[in-house]
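Reviewing the structure listed below.
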Amino acid sequence: MLFSRCSLGIKNHYKSIQNKFSGLSKTIQNDLITCISEYIFSNIKQEIKQCMFYSAQIDDTIDITQKTQCSIILRFVNKNSELVERFLGFHNVSDDHTAEELFNLIASVLNKFDIEKKLVGQCYDGTSVMAGNLTGLQNRVKNIAPNAIFIHCLVHRLNLVLQNGCNMNSKCRIFFANVTGILAYFHSSTSLTNVVDSTVGKHIPQFGQTRWFSYSKILNLLVNEWPNIITVFETISINPKSSAESIRGAIGHSKNLKSFDIYLGCMIYQCIFLL
């Protein structure tokens with residue numbers, strides 16, 4: 001229906017098959033998504049073909065299934081002298097997150113865009129896998145694209161500044177250690193996450209060391225679901241099927257959540273993240 005609004009031919013064709021085609025078939029839906037993807041990718045390829053240079057921004061994130069997805073974005077000036085960014089998609093790198101495997105992925109994607117001559121910039125975080133001068137991704141890319149200058153992602157730098165700044169204060173350091181400890185506790189076992197899902201009805205968010213904003217997700221969950229989270233720990237501690245390690249962790253985290261310092265810290269930092 002969406003495309004029929006843009007084309008009279010498609011509109012007439014849709015009318016002729018509307019009693020036969022419902023659009024509910026997953027096979028047809030996937031075929032349509034694939035066609036749209038190929039069309040968009042073809043347009044991006046044509047845009048880059050017409051531009052002189054481009055840069056690549058690459059980062060990874062963890063999806064809801066706890067798999068690491070690598071995102072690739074190209075940034076360039078188009079034929080209308082407009083600075084644009086084009087998202088090329090997510091790629092699953094959960095099985096192998098080494099610099100070599102990431103390079104093979106980047107090369108396979110960017111080879112379609114004349115990487116040797118047109119790539120003049122590459123932007124990643126500062127981990128050794130990405131930014132290493134000898135075996136890191138940026139050095140491997142430079143071997144085939146000598147003009148690709150490496151630029152440390154400024155957002156990741158800001159994250160590191162904020163984290164290191166908080167670590168200078170002992171109370172902040174202890175507070176965030178307790179907060180991330182709750183995440184680690186639940187993510188250590190699927191049975192523990194199932195208790196959270198059944199009691200709270202929400203997933204425990206994933207924490208990334210290089211992503212300061214990931215603190216906000218767990219803080220919002222704690223503040224909004226404070227009584228339910230405490231109930232989760234109490235349920236685990238009295239469950240006869242819980243292991244001794246799970247019981248000790250549940251009692252410790254429950255005690256921390258009931259303390260004034262943790263509650264005050266959650267309220268303060270939740271307000272800070274909203275700014």
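Numbering starts at 1 and runs along the sequence shown.
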Value rounded to 0.5 Å, distance of CD in Gln138 from CG in Leu102: 13.0 Å

Arg86: partners by salt bridge (charged side-chain N to carboxylate O under 4.0 Å, His left out), with sequence neighbours left out: Glu47

Under the side-chain contact (heavy atoms from CB on, under 4.5 Å) test, residues paired with Ile149 that sit two or more places apart: none

Working for side chain to side chain contact (heavy atoms under 4.5 Å, CB included), residues Tyr263 and Leu257: CA-CA 7 Å; Tyr263 185 78; Leu257 284 180; over 6 Å; no

Evaluation steps, side chain to side chain contact (heavy atoms under 4.5 Å, CB included), between Phe175 and Lys171: CA-CA 6 Å; Phe175 169 74; Lys171 289 188 178 295; over 6 Å; no

Hydrophobic cluster identity match, Phe87 and Val77, side-chain contacts under 4.5 Å: no

What pairs of donor and acceptor atoms, side-chain ones from residues 222-238 against any protein atom, are under 3.5 angstrom apart with sequence neighbours left out?
unit_1 : atom_1 : unit_2 : atom_2 : d
Asn224 : ND2    : Asn220 : O      : 3.0
Glu225 : OE1    : Asn228 : ND2    : 2.7
Glu225 : OE2    : Lys202 : NZ     : 3.4
Thr231 : OG1    : Pro227 : O      : 2.9
Glu234 : OE2    : Lys258 : NZ     : 3.4
Thr235 : OG1    : Thr231 : O      : 2.7
Ser237 : OG     : Phe233 : O      : 3.3
Ser237 : OG     : Glu234 : O      : 2.8

Joint hydrophobic cluster, Phe260 plus Met267, side-chain heavy atoms closer than 4.5 Å: yes

Interatomic spacing from OH in Tyr185 to OG1 in Thr180 - rounded to 0.5 Å: 15.5 Å

Which residues share a side-chain hydrogen bond (donor to acceptor under 3.5 Å, both in side chains) with Ser246, sequence neighbours left out: Ser243

ILVMFWY cluster, Val179 and Leu264 together (side-chain gap under 4.5 Å): yes

Least distance between heavy atoms, Leu137 atom then Ala99 atom: N-CB, 3.9 Å

Same apolar cluster (I L V M F W Y, side chains within < 4.5 Å links), Ile144/Tyr54: yes

Same cluster (ILVMFWY, side-chain, under 4.5 Å), Val141 and Val93: yes

Listed once per pair and sorted, the ring pair (Phe, Tyr, Trp, His ring centres under 6.0 Å) pairs that draw on residues 107-144, sequence neighbours left out: Phe41-Phe113, Tyr124-Phe150

Contact check, side chains of Phe90 and Thr68, non-hydrogen atoms, under 4.5 Å: no

Pairing residues for Glu85 by the salt bridge (charged side-chain N to carboxylate O under 4.0 Å, His left out) criterion, not counting sequence neighbours: Arg75

Minimum side-chain heavy-atom gap Phe76-Val84 below 4.5 Å: yes

Test item: Gln270 side-chain N/O and Leu219 main-chain N/O as donor-acceptor pair under 3.5 Å: no

Nearest-0.5 Å distance that lies between atom OG in Ser55 and atom CD1 in Ile73: 10.0 Å

Qualifying salt bridge (charged side-chain N to carboxylate O under 4.0 Å, His left out) pairs, either residue in residues 109-118, two or more places apart: none

Step-by-step side chain to side chain contact (heavy atoms under 4.5 Å, CB included) determination, Thr34 to Glu38: CA-CA 6 Å; Thr34 300; Glu38 291 177 352; 3.6 Å; yes

Set of residues satisfying side-chain contact (heavy atoms from CB on, under 4.5 Å) with respect to Thr27, sequence neighbours excluded: Ser25, Asp31

Interatomic spacing from CG in Asn30 to OG in Ser37 - rounded to 0.5 Å: 12.0 Å

Residue list, side-chain hydrogen bond (donor to acceptor under 3.5 Å, both in side chains) with Asn92, at least two apart or on another chain: Ser94

Pairwise side-chain contact, His91 with Ile72, heavy-atom cut-off 4.5 Å (strictly under): yes

Interatomic spacing from CD1 in Ile58 to CG in Leu74 - rounded to 0.5 Å: 8.5 Å

Test side-chain contact (heavy atoms from CB on, under 4.5 Å) applied to Asp261 - qualifying residues, sequence neighbours left out: none

Residues which pass side-chain hydrogen bond (donor to acceptor under 3.5 Å, both in side chains) with Asn78, listed by chain and number, not counting sequence neighbours: Glu82

Results of side-chain contact (heavy atoms from CB on, under 4.5 Å) for Ser259 - residues two or more places apart only: Ile262

Interatomic distance, Leu192 atom CG to Phe186 atom CZ [nearest 0.5 angstrom]: 7.0 Å

